[in-house]
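Read through the structure below, which is laid out as structure tokens, and then see the notes.
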There are 2 protein chains.
Amino acid sequence: MRGMLSFMILFLLSKRSMYGQELAEEIGRRKGEKPNPGTIYPALKDLTASRLVSVESHGRMTVYRLTKSGRTTLAKAQKYFARAYGDILVASKK
Amino acid sequence: MRGMLSFMILFLLSKRSMYGQELAEEIGRRKGEKPNPGTIYPALKDLTASRLVSVESHGRMTVYRLTKSGRTTLAKAQKYFARAYGDILVASKK
DNA sequence: ACTAGAATATTGGTTATCCAATAAAGCCTA
DNA sequence: TAGGCTTTATTGGATAACCAATATTCTAGT
């Protein structure tokens, strides 16, 4: 994995498969700003190269889908981040 | 702020003021590996320069303390990260 | 006083992360 | 079939984040 962006991508794709633009918009909604193409596509390329995400072309659109390996990687990353940052975020919820 | 490490430092210092080594050990407990001096001290220096953290020397020890500005910055960062990543971590808690 | 160890700190360099600009390819409407 | 629009993608470069190695300063035990 690359970092927090890749982490978020894996999570979003675990909810449902998406087109790149859908992903970018959802990320934008969470982070407050839509990521640039030069940010999101290299991240997707990286995730695809490491077999955590698979691609399927439909005309000009590309569907990104979480692989089985991506799912287990996501689960591990979630545990890691929950241990490291879980209580920090919870502490801000009130 | 620099990144996730600075975020964690601010949070830990919001619990109580600490020496650098205490910080490093607590971070190590959370992240699984104690950060190198070349990681943590530049981060502390940066936080100090931006007045989010204050320092107080006691012999060879240095106490790092969260400033008022650091507290408000932390609160904002917590809201941001909670919005961006909150449900991702919560989803892994079960 | 000397020395061993601990805490703090800096330096130099590597990799990760991300953006701005640009390009290409497919779709739609006229 | 020409034009513009959308989506996907690449390139080049800037900055952030971090580590390994080294240096400095203070403390404590002898």
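Predicted model, so just to flag it, every value in this text is computed and none were measured. All chains are named by letter (A, B, ...) in the order of the sequence lines, taking the proteins before the strands, and each is independently numbered beginning at 1.
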Nearest-Å distance for atom pair CD1/P, residues A:Ile9 and C:dA16: 16 Å

D:dA9 OP1/OP2 closer than 4.0 Å to side-chain N/O of A:Lys45: no

Length of the line joining A:Ile40:CD1 and D:dT6:P, which is rounded to integer Å: 18 Å

OP1 or OP2 of C:dA20 under 4.0 Å from side-chain N/O of A:Asn36: yes

Whole-Å distance separating the CD atom of A:Glu33 from the C1' atom of C:dA20: 13 Å

Residue-phosphate contact under 4.0 Å: B:Thr62 side-chain N/O, C:dA7 OP1/OP2: no

d(CD, B:Gln21; P, C:dA7) in whole Å: 5 Å

Distance, nearest 0.5 Å, that separates CE of B:Met18 from CG of B:Leu23: 5.0 Å

Verify same cluster id: A:Met61, A:Tyr64 (apolar side-chain graph, 4.5 Å): no

Integer-rounded Å distance: D:dG4 P and A:Arg60 CZ: 16 Å

Residue mapping more 5' on DNA chain C - nearest nucleotide basis, A:Met61 or A:Lys34: A:Lys34

A:Ile88/B:Arg30 under side-chain contact (heavy atoms from CB on, under 4.5 Å): CA gap, chis, key distance, verdict: CA-CA 11 Å; A:Ile88 304 185; B:Arg30 289 165 166 270; 3.9 Å; yes

Contact nearer the 5' end of DNA chain C, comparing A:Lys31 with A:Pro37: A:Lys31

Nearest-Å distance for atom pair CG/P, residues A:Leu5 and D:dA16: 18 Å

Separation of C:dC18 C1' from A:Leu44 CG (nearest whole Å): 14 Å

Euclidean distance, atom CG of residue A:Asp46 to atom P of D:dT11 [Å, nearest integer]: 15 Å

Path from B:Leu12 to B:Val63 over hydrophobic side-chain contacts below 4.5 Å: no

Touch class at under 4.0 angstrom, heavy-atom based, for A:Gly38 against every strand present: base

Side chain A:Arg51, main chain A:Lys68, donor-acceptor under 3.5 Å: no

